[in-house]
Every structure is written in C-alpha cells, then in structure tokens.
2 protein chains.
Amino acid sequence: MEYVGTALAEMTMPQISPLAGEPIERADAERLAGVLKALADPARLRLLSLIQSAPEGEACVCDLTAPLGLSQPTVSHHLRILTEAGLLEREKRGVWAYYRLVPTAIATIADLLTPPRKRAGKKAR
Amino acid sequence: MEYVGTALAEMTMPQISPLAGEPIERADAERLAGVLKALADPARLRLLSLIQSAPEGEACVCDLTAPLGLSQPTVSHHLRILTEAGLLEREKRGVWAYYRLVPTAIATIADLLTPPRKRAGKKAR
DNA sequence: CGCCGATATGCAGGCGAGTCAATGCTGCTG
DNA sequence: CAGCAGCATTGACTCGCCTGCATATCGGCG
C-alpha cells in the first residue's frame with residue numbers, strides 16, 4: 001500500500017470544527033478520532049517522544065526497537081500508523097529510514113481540542 | 001465498580017512529562033494514552049461537543065441518545081468512560097443525571113501535547 | 001404502595017488493534 | 001556478485017472495545 005494521505009493534512013486545511021462551539025458533525029468526529037487514535041497508544045507516544053528528543057530530531061528504526069522493548073516489525077508498524085496519521089515523515093537514506101516529527105502536526109491537534117475562549121496571545125488562526 | 005479516580009487528575013498535578021524534551025517513561029506514556037483513548041472515539045467526541053454546546057453547558061442522557069443515534073445503554077457507557085477519564089462530571093438531580101465538562105480537563109491534555117517551545121503568550125503555568 | 005420513567009449494569013457477539021515469527025526487498029560491502 | 005544488514009509486509013493469534021438486548025436500580029407520581 002502506498003500512503004493514503006495523512007489524515008491530519010485533510011483536517012488541518014479544511015477547518016475541522018474544533019471541540020468547541022457548535023456540536024461537531026459525524027464525519028468531523030470520525031476524522032478527529034482517527035488522529036487521536038493514532039496518538040492513544042503508549043508505544044506510539046514513546047516513539048514520538050524518542051524521535052523528537054533524538055540528536056538531530058530524527059531516528060531510524062534500529063535506534064528505536066531497543067528503548068521500546070518491541071520487535072522491529074512492531075516498531076515499523078507503529079511508525080507507519082503515525083506517518084499515515086500525518087504525525088511523522090519518513091526519509092530513506094541508504095539502508096536506513098529516518099523518521100522525524102511533522103513540525104506543527106501535534107500542535108494542530110492541541111489547537112483542535114482547545115476551546116477558542118481566551119486565546120488572544122496566539123495568531124488569530 | 002465505583003469510580004477509580006479520574007486518570008486525568010493523577011496526571012494533571014504530578015507533572016506528567018509532556019510530549020516534549022526528555023523521552024517519556026512507560027508509566028507516563030500509558031496514563032497519557034489512557035486519557036487519549038477516552039477521547040479517540042467519534043461517539044465520545046460528539047458527546048463532549050453536545051454537552052458543551054448545550055443550554056447550560058450540561059445535558060442528561062435522555063437528551064443525548066437521539067442526536068447520537070445510539071442506544072441509551074451505549075450512551076451511558078460512553079459517558080462513564082469519559083467521566084472516569086476525568087473529562088466529565090456527573091450530577092444527579094432527581095431522576096436525571098446531568099453531565100458537564102470538567103473545566104480545564106481538555107485544555108490540560110492539549111498542554112501535555114504541545115511542546116513548550118514558544119509558549120510565551122500564555123501564563124507561565 | 002405499586003407503577004412508570006430515567007439510568008446504570010451484565011452479558012454476549014463481532015470487529016478492529018497490538019504483537020511476533022517468518023519472509024521478501026533493497027542497498028552496502030567485501 | 002554473493003552475502004549481509006536494515007526495513008517493510010504478511011499471516012496468525014490474542015485481547016480489548018463498541019454496540020445492543022435484557023435486566024436491575026432508583027426516584028417520583030397517582
């Protein structure tokens with residue numbers, strides 16, 4: 001399979017109703033739930049954390065299996081889910097596959113959750 | 001079973017390592033994943049949205065089954081999960097059970113996800 | 001005090017998710 | 001070019017979760 005299009009990208013542009021104001025639609029709820037589901041796993045949260053705190057902000061699979069205590073296929077599986085959710089990006093250099101965080105992806109999710117009340121400090125969205 | 005103690009409450013006080021900086025511990029990852037798992041469901045997202053946008057910011061089960069298109073036991077089940085996750089609070093008045101959002105619960109989750117970089121605008125927590 | 005309405009709980013079926021072992025694929029390296 | 005190392009994919013197993021039906025519980029009303 002080749003990459004079905006980063007659920008986050010679909011929701012970051014067309015403003016998905018954040019968890020505030022009007023009741024959200026079914027489709028919006030399902031898309032937001034989809035991205036949250038990608039986050040809602042201990043192994044994947046640790047993967048994001050590990051990658052982000054890695055030397056260059058990037059890491060390859062072989063660096064991640066040990067700290068997680070999971071098999072290489074399993075780690076690869078989780079990385080795939082995070083990538084398809086739009087949270088990670090993959091770059092293959094030689095034999096290694098380097099993963100890094102998509103810059104504003106997680107912040108976008110946080111913004112979708114946070115009610116608009118009192119958010120004067122930030123750029124007006 | 002009677003209410004095992006609002007996973008969010010356990011993580012909001014003792015500063016759970018947010019998804020930034022140091023690699024997060026297994027226990028932290030599991031607790032954060034637990035709360036996110038409560039959020040990562042279309043029906044529950046819609047419940048939160050419906051309750052929040054209800055007249056007094058509160059709603060009883062009988063008002064929620066119809067818009068969701070789910071049976072009453074199922075709605076009750078989801079409300080229970082959200083309550084145990086620390087996202088909702090329940091108040092029983094007469095025959096009805098009114099649910100409302102725990103004020104800063106969702107914002108707390110958003111803060112745990114957002115990296116600390118460039119968060120000058122907000123109060124220094 | 002007995003019935004009815006609003007919720008909560010138990011139980012069961014079905015589907016999706018996490019994990020690993022085995023295997024295939026690709027690009028280095030000797 | 002033959003062998004090896006790093007990753008991805010497949011298949012199978014298990015477990016947890018969403019949902020509905022049936023039932024128990026609790027409060028109000030006639």
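By convention in this document, chain letters (A, B, ...) are assigned in the order of the sequence lines, proteins followed by strands, and residues within each chain are numbered from 1.
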Working to the nearest 0.5 Å, report the span between OG1 of A:T108 and CG of B:L113. 11.5 Å
Do the side-chain N or O atoms of B:R80 get closer than 4.0 angstrom to the phosphate oxygens (OP1, OP2) of C:dT7? no
With a non-hydrogen cut-off below 4.0 angstrom, is A:R93 in contact with a base, only sugar-phosphate, or nothing? nothing
Length of the line joining B:E91:CD and C:dT7:C1', which is rounded to integer Å: 15 Å
Does A:R44 place a side-chain N or O at less than 4.0 Å from the phosphate oxygens OP1/OP2 of C:dG18? yes
Quick check for you: among D:dC7, D:dC18, C:dT7, whose closest atom lies nearest to any side-chain atom of A:C62? D:dC7
Between C:dA17 (C1') and A:L36 (CG): distance, integer Å: 16 Å
With A:R46 as reference, evaluate A:L64, A:L70, A:L68 under the side chain to side chain contact (heavy atoms under 4.5 Å, CB included) test and give the passing residue. A:L68
Taken to the nearest whole Å, CG/A:L64 to C1'/D:dA8 is 15 Å
Of all the choices, C:dA8, D:dG27, D:dG20, which nucleotide is nearest to the side chain of B:Y99 once you look at every atom? C:dA8
Taking the side chain as every heavy atom from C-beta outward, state whether B:L48 and B:Q52 have any atom pair closer than 4.5 Å. no
Measure across A:A40 and B:A40 and return the closest heavy-atom pair with its distance rounded to 0.1 Å. CB-CB, 4.3 Å
How close or far is atom P of C:dT7 from atom CG of B:L68, stated in whole angstroms? 14 Å
Atom NZ of A:K37 to atom C1' of D:dG16: distance rounded to whole Å? 12 Å
Ranking B:I81 and A:W96 by the position along DNA chain D of their nearest nucleotide, the one closer to 5' is A:W96
Whole angstroms only, please: what is the CZ-C1' distance between A:R90 and C:dT26? 11 Å
The reported gap from CG in A:L36 to CD1 in B:I109 (rounded to nearest 0.5 angstrom) is 9.0 Å
Nearest-angstrom distance from the residue atom CG of B:L45 to C1' of D:dC18: 14 Å
Counting heavy atoms from C-beta on, name the nucleotide in C:dT19, D:dC7, D:dG20 closest to the side chain of A:L70. C:dT19
Residues B:I51 and B:Y99: closest non-hydrogen pair is CG2-O, 3.3 Å
Scan for salt bridge (Lys or Arg N to Asp or Glu O under 4.0 Å) pairs involving residues 90-102 of chain B, sequence neighbours excluded, and state none if there are none. B:E58-B:R93, B:E58-B:R100, B:E91-B:R93
Does any residue of residues 71-79 of chain A have a heavy atom under 4.0 Å from DNA chain D, and if so, which ones, in number order? A:Q72, A:P73, A:S76
